[in-house]
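Each remark here refers to the structure printed beneath this line.
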2 protein chains.
Amino acid sequence: MIASAEPVVPNAYPNNVYAANCQCREMLDLLASKWAALAIGALENGPMRFGVVRKKLEGISPKVLSQTLRKLEDHGMVDRTVFPAVPLHVEYSLTPLGQSANAPLAHLRDWVEANTGIT
Amino acid sequence: MIASAEPVVPNAYPNNVYAANCQCREMLDLLASKWAALAIGALENGPMRFGVVRKKLEGISPKVLSQTLRKLEDHGMVDRTVFPAVPLHVEYSLTPLGQSANAPLAHLRDWVEANTGIT
DNA sequence: GGCCCTTAGTATCTTTTGGATACTATAGAG
DNA sequence: CTCTATAGTATCCAAAAGATACTAAGGGCC
């Protein structure tokens, strides 16, 4: 039996959300936000146009929705597809990563719906 | 067979996170935030003092931690216990509701750690 | 007595984000 | 030439986050 200096499987997840300088803090900040959690949920059943997302996420302003979707796109959660027609047609959809992220977010949304106002 | 005018089980969860005027929006806003998700996670293994939580949540300022814990307390997620000693000793712990909320938040924290920087 | 130590915050100021609302580009229909 | 629709942007104000300094309370030390 030979002992290796380095572990064979060094560390499954080197990321630690509690560490200040961890890259994953940015990811947590992205997903742990009201509008991101709702926007990803809105797209869970397929592509949706900007205006339809806006109506589903009652109360969101166009500026904030635009910023939210762009940040999600920048982090690879959402795809943006432009159909050059008039009036302009733009569809947003979840990437595989976004669909994966939707799982824990769906749990959170469900928990909130199930546990609000049950005094 | 008699048809009832009202359904026997009207609606398991009348809450809808997408609705602007739903009470649960406030709950979502509370939990879907970086510091709340981390603060609840910090307490998942038992009571912890202010200073210890502050060290665990690397980079949080005392003002923001204080605000975060107070909001969680106001919403019944966290209990605050003062031990009148010198120097002052204050312990924070999860309520049963807070422990319940920790489940979906733990999924989210785990997802973030597992899916950041895996390119 | 005067000074330092610790804990758990608060006070203050600056920067960033969120939110409300008005406005723009595009082109086809009437 | 105006009206409509879509997908945003521009602008301005309010709210929240963040950095840092400061405070209260009492016991130990010299």
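Only this structure's heavy atoms are used, side chains among them; waters, hydrogens and symmetry mates stay out.
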- When you check the phosphate oxygens OP1 and OP2 of C:dA8, does a side-chain N or O of B:R70 lie under 4.0 Å from one of them? no
- Query: Quick one: B:K56 NZ to C:dA8 P, roughly how many Å, whole number?
  - Reply: 17 Å
- Item | A:L88 or A:S66, whichever maps to the more 5' nucleotide of DNA chain D | A:L88
- Residue B:Q67 excluded, over 12 heavy atoms near CD under 6.0 Å: yes
- Should A:S61 be listed as having a side-chain N or O under 4.0 Å from OP1 or OP2 of C:dT21? no
- Just by distance, do the side chain of A:R49 and the backbone of A:Y92 share a donor-acceptor pair under 3.5 Å? no
- Nucleotide C:dT17, atom C1' - distance to CG of A:L65 in whole Å: 16 Å
- Message: Heavy atoms from C-beta onward define the side chain here; which of C:dA8, C:dT10, D:dA7 lies closest to that of A:R49?
- Response: D:dA7
- Taking only N and O in the side chain of A:Y92, is any of them less than 4.0 Å away from OP1 or OP2 of D:dG8? yes
- Of the listed D:dA21, C:dT7, D:dT11, the closest approach to the A:K63 side chain comes from D:dT11
- Establish, with yes or no, whether the OP1 or OP2 oxygen of C:dT17 is under 4.0 angstrom from a side-chain nitrogen or oxygen of A:K34. no
- Given C:dG19, is OP1 or OP2 found less than 4.0 Å from the side-chain N or O atoms of A:W35? yes
- Item | Test item: A:L57 and A:T68 side chains (from C-beta on) under 4.5 Å apart, heavy atoms | no
- Query: Could you give the CD1-to-P distance, from B:I60 to C:dA8, as a whole number of Å?
  - Reply: 15 Å
- Note: for A:D29 and A:H89 on DNA chain D, the residue whose nearest nucleotide lies more 5' is A:H89
- Roughly, in whole Å, what's the span from CD in B:E58 to P in D:dG18? 15 Å
- In this structure, are over 12 heavy atoms from other groups packed under 6.0 Å from B:Q99 atom CD? yes
- What's the CD-P distance between A:E91 and D:dA7, to the nearest Å? 9 Å
- Query: Once you round it to whole Å, what is the distance between C1' of D:dA5 and CZ of A:F50?
  - Reply: 14 Å
- Message: Measuring from the side chain of A:V64 (C-beta onward, heavy atoms only), which nucleotide among C:dG19, C:dT10, D:dG8 has the closest atom?
- Response: C:dG19
- Item | Which residue lies more 5' along DNA chain C, comparing B:Q67 with B:P87 via nearest heavy atoms | B:P87
- Item | Sole residue of B:L28, B:L30, B:D29 in side-chain contact (heavy atoms from CB on, under 4.5 Å) with A:V112 | B:L28
- Task: Nearest whole angstrom, please: distance from the C1' of D:dG8 to the NZ of A:K55.
- Result: 14 Å
- When you measure from the side chain of A:R80, which nucleotide among C:dA27, C:dT10, D:dG8 comes out closest? D:dG8
- Roughly how many Å is it from CG in A:L69 to C1' in D:dG8, rounded to a whole number? 11 Å
